[in-house]
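Protein chains get the first letters and strands the later ones, always in sequence-line order, with residue 1 at the start of each. Side chains are part of it too, since the values below use all heavy atoms of this structure and drop only hydrogens, waters and symmetry mates. Bear in mind the structure is a predicted one, so any value in this text is a computation, not a measurement.
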Amino acid sequence: MIDVRVLRDDPDVIRAAQKRRGESDAIVDSLIGAEERRRSSIGTYEALRAEQKQLGKLIPRAEGEQKQQLLAQTKELSDRVKAAEATQAAAAAELDDLLRALPNLASPEAPAGGEDDFVTLEEVGTPRDFAAEGFQPRDHLELGQMLGAFDVERGAKVSGARFYYLTGVGAQLEMALTNMAMTRASEWGFTPMIPPALVKPRAMEGTGFLGQAADDVYYLPKDDLYLVGTSEVPLAAYHSDEILDAEQMPLRYAAFSPCFRREAGSYGKDTRGIFRVHWFDKVEMFIYTTLEASYAQHEQLLAWEKQWLDALELPYRVIDVAAGDLGASAIRKFDCEAWIPAQGKYREVSSASNCTQFQARRLDIRVRGEHGTVPAATLNGTLVAMPRTIIAILENHQLANGSVRVPAALRPYLQDRDVIEPLS
RNA sequence: GGAGGUGUCGCAUAGUGGCCUAGUGCGCCCGCCUGCUAAGCGGGUUGAGGAUGAAACCUCUCGCGGGUUCAAAUCCCGCCACCUCCGCCA
């Protein structure tokens with residue numbers, strides 16, 4: 001949710017941001033109209049209500065005929081107050097609905113356009129030349145089967161397409177990555193968290209996932225609860241309805257949680273292996289700070305993500321995601337894409353978003369500082385999403401015989417093994 | 001799942017239809033007093049919105065949402081959270 005004052009003071013900023021996203025700016029005029037109706041209806045209601053309160057004070061002191069007259073007068077006024085209040089509430093709700101439908105204002109620095117209009121900021125590391133090494137790289141599914149790292153057939157048997165079991169060394173890899181990520185994160189000043197993966201509508205709506213992304217979200221109607229697609233949701237809602245102390249900023253949390261995604265509309269896309277799945281585990285970083293500090297925190301978040309991929313010795317590139325592909329909450333987003341040898345391309349493994357005050361306004365999270373109490377800024381970034389990271393490790397560090405070299409930084413978390421071997 | 005209880009300002013409490021414009025104590029902030037500290041004295045101390053050049057000012061906020069009434073912290077209904085007990089359960 002954006003600041004209503006921008007509507008009055010500088011609506012062209014909103015129009016420009018909508019255009020960068022490739023979306024219609026017609027909503028801006030609706031917003032302006034709704035905002036005016038809200039203000040005028042508040043004025044009407046409050047004037048009537050003040051009159052009602054004044055008269056009400058006279059009643060207990062009045063006697064006889066005068067009292068009867070006052071009662072008749074206030075009774076009539078009471079109906080008008082009720083009507084004015086209803087009008088005012090409806091106008092406020094209309095404005096709120098429109099405001100919540102509007103995505104965050106895409107940063108002028110975010111490239112304009114859609115999914116393909118990203119800008120590559122840098123490429124780190126060099127993809128291996130398997131031809132020069134004299135063998136054809138296997139893809140992650142083949143490697144996973146040789147190593148006994150996961151089982152997609154039985155995943156489909158038990159839960160359906162896009163489900164899997166992590167098995168043997170695959171399960172161990174997830175635990176190792178989790179422990180390594182949590183260790184790193186706490187060294188960086190993040191509080192480790194294990195949050196609930198089922199949340200109320202407020203949390204899901206407040207983080208901006210019930211807009212265009214709603215089709216991708218699992219919902220349990222019997223309990224009116226949502227399965228989170230990322231622990232960004234319970235972490236953002238963690239401090240909802242709270243006023244935080246500016247001195248304590250930034251607050252940093254790193255959460256391990258399962259993530260559930262319906263993947264609606266992705267039929268036939270990435271169907272092989274465990275690249276695109278309905279459930280996976282992830283360690284997510286989340287930061288509460290002030291708007292002013294958020295830009296630097298965003299860079300810092302990206303720096304940590306890069307440090308993580310460096311530690312895993314994976315080649316990757318960083319892209320500046322285009323405005324149309326930001327999602328509702330972010331003004332700017334950097335994705336890290338690891339090189340996937342069998343696909344011959346870079347694929348997203350992590351993402352860092354600055355949501356500025358968008359989520360905090362919806363969830364009513366404020367920061368009290370020297371210059372008053374203002375909405376907090378929130379940022380989120382992936383530290384490690386399990387299946388894709390496991391894919392990247394297996395494919396990039398594979399050896400000719402199907403073994404996989406364990407990157408040095410991960411070895412302490414994997415029984416000091418330097419290589420994982422095929423089953424037989 | 002069943003039965004009962006509780007929910008008021010940062011904390012603790014008072015308040016059972018109209019002088020509640022929510023009192024008091026503690027904590028916190030400012031000032032006075034004071035070798036220093038404490039005590040004492042005086043003042044301030046929820047949040048949101050509207051109005052204004054800025055104020056004064058006005059409205060809302062007693063877990064949340066409805067209702068009754070001229071008038072609701074107070075009465076009624078629904079929901080939520082917490083506590084106690086029973087059942088079930090990892």
Side-chain angles (χ1 to χ4, degrees), chain A residues 1-10 31-100 194-206 220-226 234 237-249 251 257-258 288 290-291 357-376:
Chain A
M1 193 150 69
I2 64 155
D3 187 348
V4 192
R5 261 162 298 185
V6 179
L7 257 189
R8 281 195 239 172
D9 300 344
D10 208 355
L31 277 163
I32 290 171
E35 208 276 326
E36 277 164 5
R37 279 192 292 284
R38 180 188 66 117
R39 271 191 293 155
S40 71
S41 64
I42 285 174
T44 306
Y45 160 68
E46 288 189 355
L48 286 170
R49 175 68 178 150
E51 190 183 346
Q52 181 187 38
K53 287 177 74 171
Q54 288 304 315
L55 286 177
K57 279 183 189 167
L58 301 177
I59 289 173
R61 277 175 275 161
E63 298 281 340
E65 196 175 313
Q66 199 195 359
K67 184 160 190 168
Q68 290 313 309
Q69 198 190 330
L70 274 173
L71 283 176
Q73 201 181 343
T74 48
K75 195 178 174 87
E76 184 265 342
L77 189 58
S78 170
D79 291 336
R80 288 166 62 205
V81 168
K82 244 169 220 168
E85 189 186 10
T87 305
Q88 179 264 119
E94 187 201 352
L95 176 65
D96 194 59
D97 288 347
L98 283 169
L99 273 175
R100 283 174 188 272
I194 300 181
L198 284 170
V199 299
K200 297 193 219 174
R202 166 103 192 280
M204 203 46 103
E205 200 279 332
L220 278 55
K222 208 171 171 182
D223 301 285
D224 197 20
L225 290 170
Y226 291 91
Y238 186 64
H239 285 300
S240 54
D241 299 321
E242 294 181 23
I243 298 178
L244 308 170
D245 184 353
E247 307 246 315
Q248 295 179 314
M249 297 298 109
L251 287 176
S257 85
Y288 292 87
T290 59
L291 179 63
Q357 297 171 317
F358 182 86
Q359 296 175 330
R361 279 209 182 81
R362 293 169 161 237
L363 292 167
D364 199 17
I365 304 163
R366 286 162 288 170
V367 178
R368 179 163 23 224
E370 283 178 27
H371 307 296
T373 303
V374 296

Inset, instruction - Indicate, with a heavy-atom threshold strictly under 4.0 Å, whether A:Arg202 touches base, sugar-phosphate, or nothing. - result: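 Here A:Arg202 touches no strand at all.
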
Please name all residues satisfying side chain to side chain donor-acceptor pair (under 3.5 Å) with [X], sequence neighbours left out, ordered by chain then number.
{"X": "A:Asp364", "result": "A:Arg366"}
{"X": "A:Gln52", "result": "A:Arg49"}
{"X": "A:Glu36", "result": "none"}
{"X": "A:Asp224", "result": "A:Tyr219"}

Nucleotide opposite [N] in a Watson-Crick or G-U pair, distances under 3.5 Å:
{"N": "B:rA22", "result": "none"}
{"N": "B:rG1", "result": "B:rC86"}
{"N": "B:rA81", "result": "B:rU6"}
{"N": "B:rA14", "result": "none"}
{"N": "B:rU68", "result": "none"}
{"N": "B:rU59", "result": "B:rA48"}

Inset, instruction - Could I get the full list of ring-ring contact (aromatic ring centres under 6.0 Å, His included) partners for A:Tyr45, not counting sequence neighbours? - result: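 For A:Tyr45 there are no ring-ring contact (aromatic ring centres under 6.0 Å, His included) partners, ignoring immediate neighbours.
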
Legend entry - Listed partners of A:Phe358 passing ring-ring contact (aromatic ring centres under 6.0 Å, His included), at least two apart: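 Applying ring-ring contact (aromatic ring centres under 6.0 Å, His included) to A:Phe358 gives none.
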
What integer number of Å spans the [atom1] atoms of [N] and [M]?
{"N": "B:rA73", "M": "B:rG1", "atom1": "C1'", "answer": "33 Å"}
{"N": "B:rA38", "M": "B:rC26", "atom1": "P", "answer": "15 Å"}
{"N": "B:rU8", "M": "B:rU13", "atom1": "C1'", "answer": "9 Å"}
{"N": "B:rC82", "M": "B:rC70", "atom1": "P", "answer": "39 Å"}
{"N": "B:rC62", "M": "B:rC57", "atom1": "C1'", "answer": "24 Å"}
{"N": "B:rU52", "M": "B:rU46", "atom1": "P", "answer": "26 Å"}
{"N": "B:rC28", "M": "B:rC19", "atom1": "P", "answer": "33 Å"}
{"N": "B:rG87", "M": "B:rG23", "atom1": "P", "answer": "47 Å"}

Can you tell me the distance, in whole Å, between the [atom1] atom of [X] and the [atom2] atom of [N]?
{"X": "A:Arg368", "N": "B:rA48", "atom1": "CZ", "atom2": "C1'", "result": "13 Å"}
{"X": "A:Ile243", "N": "B:rU45", "atom1": "CD1", "atom2": "P", "result": "16 Å"}
{"X": "A:Glu85", "N": "B:rU59", "atom1": "CD", "atom2": "P", "result": "14 Å"}
{"X": "A:Glu36", "N": "B:rG49", "atom1": "CD", "atom2": "P", "result": "19 Å"}
{"X": "A:Asp364", "N": "B:rA48", "atom1": "CG", "atom2": "P", "result": "8 Å"}

Legend entry - salt bridge (charged side-chain N to carboxylate O under 4.0 Å, His left out) involving A:Asp10 - partner list, sequence neighbours excluded: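 A:Asp10 satisfies salt bridge (charged side-chain N to carboxylate O under 4.0 Å, His left out) with no residue once adjacent residues are dropped.
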
Protein-nucleic acid N or O pairs under 3.5 Å, nucleotides 50-54 of chain B:
from: B:rG50; atom 1: OP1; to: A:Arg8; atom 2: NH2; distance (Å): 3.4
from: B:rG50; atom 1: OP1; to: A:Arg38; atom 2: NH2; distance (Å): 2.8

How about [X] and [Y]: do any of their side-chain heavy atoms sit closer than 4.5 Å?
{"X": "A:Arg368", "Y": "A:Asp245", "answer": "no"}
{"X": "A:Arg202", "Y": "A:Asp241", "answer": "yes"}
{"X": "A:Val367", "Y": "A:Ile243", "answer": "no"}
{"X": "A:Arg361", "Y": "A:Asp3", "answer": "yes"}

Legend entry - Pairing residues for A:Arg80 by the side chain to side chain contact (heavy atoms under 4.5 Å, CB included) criterion, not counting sequence neighbours: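 Result, side chain to side chain contact (heavy atoms under 4.5 Å, CB included) vs A:Arg80: A:Leu48, A:Glu76, A:Leu77.
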
Restricting to nitrogen or oxygen on both sides, can you table the protein-nucleotides 87-90 of chain B pairs closer than 3.5 Å?
none

Determine all donor-acceptor pairs shorter than 3.5 Å in which one atom belongs to a side chain in residues 84-92 of chain A; sequence neighbours excluded.
from: A:Thr87; atom 1: OG1; to: A:Ala83; atom 2: O; distance (Å): 2.9

Inset, instruction - By nearest nucleotide on RNA chain B, pick out whichever of A:Thr373 and A:Glu51 is the more 5' one. - result: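 Comparing both residues, the 5'-ward one is A:Thr373.
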
Legend entry - Base-contact (B) and sugar-phosphate-only (S) positions in nucleotides 61-81 of chain B, heavy-atom cut-off under 4.0 Å, - elsewhere: -------S-BS----------

